[in-house]
Amino acid sequence: MREIIHCSIKDIKPDVDIILKSQGVFTPPEPPEKINALLDMSMDLFGKLSIPMGIISEISISEFEVVYSGEGQNEKNTPVNEIFRRADNLALFTATLGEGISREINELFKLNEFALGCMLDSVASEGIEKVAEIAQNHFSEYLSKSGQTTPSTRIMRYSPGYCGWHISGQKKLFEFLHPEDIAISLTDSFLMQPLKSVSGVMIAGPKEIHHFEDNFPFCSKCSGHTCRERIKSLR
Amino acid sequence: MDILKQISENLRGGNDKKVLEFTKLAIEQKIPPKDILDDGLIAGMDTVGKLFKAHEIFLPDVLLAAKAMYSGMDELKPILIREGIPTIGKVVIGTIQGDLHDIGKNLVGIMLKGAGFEVIDLGNDVSPEKFVERAKKENAKVIGMSALLTTTMQGMRKVIDLLNERGLSGEIKTIIGGAPVSEEFAREIGADAYGYDAASAVDRVKKLTREK
Ligand code: B12
Ligand code: SF4
């Protein structure tokens with residue numbers, strides 16, 4: 001299964017609380033008027049300029065073994081490494097908002113519209129996560145329609161650049177995924193262009209396989225420990 | 001209220017049109033341009049920085065104030081240049097080669113400019129040669145480098161090595177920042193300073209330029 005996904009803007013409405021948090025705005029119940037106005041303008045620009053698209057492509061465990069080994073730069077042991085062999089199904093994914101939104105953010109900074117540029121950046125960073133969620137929903141629907149799920153099946157996304165999976169892993173990932181179909185390319189330093197893009201693997205399997213401890217050597221340098229929340233959310 | 005106070009108070013409220021209006025008025029009334037800069041624009045931005053540090057205002061408020069500061073600054077700059085009034089220093093900033101994350105670097109640039117520095121922003125994916133050559137050409141006192149990726153942060157070392165190779169390390173100081181770097185990493189690669197956030201970047205760059 002390989003699918004190119006075109007999302008509608010109304011399905012990827014970014015979460016306002018997360019955006020405000022990333023802007024350091026903590027004011028329950030309502031943020032100040034000026035900040036609300038910036039948020040409204042950013043949401044409007046986001047709607048007009050984003051072209052949200054994604055690709056999901058199923059991959060076997062043995063094929064993923066090759067993708068995951070990447071350029072040989074991963075940490076010795078990682079959550080993905082512990083999990084993927086126990087999965088029922090795997091799919092690679094990438095998602096983007098297109099070039100327009102990044103161009104607008106740069107333009108706003110050039111015009112000294114810093115507050116709007118920065119707010120739009122936060123909106124777009126949150127928006128791209130929503131596109132990845134939609135991609136995950138497609139994978140989930142595909143699995144259940146083809147009778148490949150059980151009541152305990154859960155899907156989690158993992159990306160190169162996180163938790164010991166080296167960012168250079170994007171090279172092999174893209175050799176398999178062919179993201180040029182949705183105009184994503186990789187720079188020499190393994191970053192995606194357009195900037196507002198994400199990539200990774202979706203791992204589907206019984207809930208238990210997704211549980212791991214946050215005590216890998218690299219965890220000591222991790223500030224967020226976001227794996228804890230992600231695992232908790234797998235009810 | 002005197003004009004310079006009007007400038008700084010309107011700047012604090014992010015009222016760019018009023019800041020521009022009062023800056024023009026101050027110029028018309030022959031207030032020395034250096035006073036308009038120091039006691040109007042920079043003073044206003046300084047208060048904004050302090051309020052932000054004290055968590056009394058939010059990042060968007062700071063950025064609206066910065067826009068207001070720039071509107072006054074754009075009016076004043078040609079006069080400062082004509083009268084040969086130097087800025088407190090030139091800083092060349094950029095995101096290190098291979099890295100595209102640039103929001104943090106942008107914020108640092110905005111705050112440095114707000115503090116009165118002349119900032120030359122080289123953008124993202126900047127090679128070590130470009131950092132060094134541009135800093136030399138512009139006679140900059142400081143190079144500020146940003147990295148958000150553990151894979152690209154090593155590129156900062158190359159800039160410092162290049163400065164050493166060319167005998168420029170006494171003349172041009174270096175400051176680094178970005179999520180994966182730290183005070184310890186700065187020491188390890190021989191950078192002159194590390195800035196945790198945009199506010200500390202301003203303090204550190206001021207210190208670096210005073211040290212000279
Ligand atoms: C937002 C974000 C994104 C956005 C893009 C944002 C943008 N416009 O740049 C999106 C969602 C698109 C994104 C995507 C990806 N990202 Co990203 N991203 C982040 C995130 C969450 C925040 C970065 C940010 O903008 N922060 C806000 C600014 C204001 O803060 P800041 O940059 O730290 O800057 C402040 C200070 O550090 C300091 N500072 C910064 N520079 C300088 C310079 C000087 C001189 C000084 C003194 C101070 C200073 O002052 C600033 C202001 O206070 C970080 C995580 C993190 N905690 O940093 C990951 C992070 C940078 N991303 C990461 C990764 C891996 C990716 C992806 C590769 C993931 C993937 N495979 O899909 C993709 C790559 C995108 C691509 N095009 O290739 C990793 C990098 C890990 C690594 N190994 O190096 C991070 C660290 C996440 C993680 N693992 O925890 N990302
Ligand atoms: S603690 Fe951080 S680095 Fe370690 S597994 Fe959790 S999220 Fe990944």
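So you know, we letter chains A, B, ... as the sequences are listed, proteins then strands, and number each from 1. When reading the values below, keep in mind they use all heavy atoms of this one structure, side chains included, and skip hydrogens, waters and symmetry mates.
- A 6.0 Å sphere centred on CD of A:Glu229 holds no more than 12 heavy atoms belonging to other residues, nucleotides or ligands.
- A 4.5 Å side-chain heavy-atom check between B:Ile103 and A:Phe109 finds at least one atom pair inside the cut-off.
- A:Lys172 NZ: more than 12 foreign heavy atoms inside a 6.0 Å radius.
- Counting heavy atoms of neighbouring residues, nucleotides and ligands inside a 6.0 Å radius, atom CD of A:Glu180 exceeds 12 of them.
- Contacts of B:Asn124 with chain A are absent, with no heavy-atom separation under 4.5 Å from either backbone or side chain.
- A:Phe114 CZ to B:Lys113 NZ: the interatomic distance, rounded to the nearest 0.5 Å, is 6.5 Å.
- A:Ile35 places a side-chain heavy atom less than 4.5 Å from the side chain of B:Phe58.
- The neighbour count for A:Ile51 CD1, taken as heavy atoms of other residues, nucleotides or ligands under 6.0 Å away, does not exceed 12.
- Within a 6.0 Å radius of NE2 in B:His55, no more than 12 heavy atoms belonging to other residues, nucleotides or ligands are found.
- When every heavy atom of B:Gly13 is checked against every heavy atom of A:Lys34, the shortest pair comes out as O-NZ, 2.6 Å.
- For a residue to count as touching a neighbouring chain, one of its non-hydrogen atoms must lie under 4.5 Å from one of that chain's; by this rule B:Leu149 touches chain A with the side chain only.
- Counting non-hydrogen atoms of neighbouring residues, nucleotides and ligands closer than 6.0 angstrom, the OH atom of B:Tyr196 reaches no more than 12 such neighbours.
- Counting heavy atoms of neighbouring residues, nucleotides and ligands inside a 6.0 Å radius, atom CD of B:Gln29 exceeds 12 of them.
- With a 6.0 Å radius and a threshold of 12 heavy atoms from other residues, nucleotides or ligands, A:Lys171 has its NZ atom at or below the threshold.
- Between chain B and the residues A:Glu113, A:Gln73, A:Met192, the most heavy-atom pairs under 4.5 angstrom are made by A:Glu113.
- Of all heavy-atom pairs between B:Gly98 and A:Ser189, the closest is O-OG, 2.6 Å.
- Minimum interatomic distance between A:Leu191 and B:Asp99 (heavy atoms only, all atoms of both residues): CD1-CA, 3.8 Å.
- In this structure, the side chains of A:Thr187 and B:Asp125 stay at 4.5 Å or more apart for every pair of heavy atoms.
- Comparing B:Ile110, B:Thr151, B:Leu64, B:Leu59 by heavy-atom pairs within less than 4.5 Å of chain A, the highest count is held by B:Ile110.
- Summarising the geometry, atom CG belonging to A:Asn112 is positioned 11.0 Å from atom CG belonging to B:Leu63; distances are rounded to the nearest 0.5 Å.
- The contact between A:Asp121 and chain B is made entirely by side chain atoms (from C-beta outward), counting heavy-atom distances below 4.5 Å.
- Shown here are the ring pair (Phe, Tyr, Trp, His ring centres under 6.0 Å) partners of B:Phe52, two or more places apart in sequence or in another chain: there are none.
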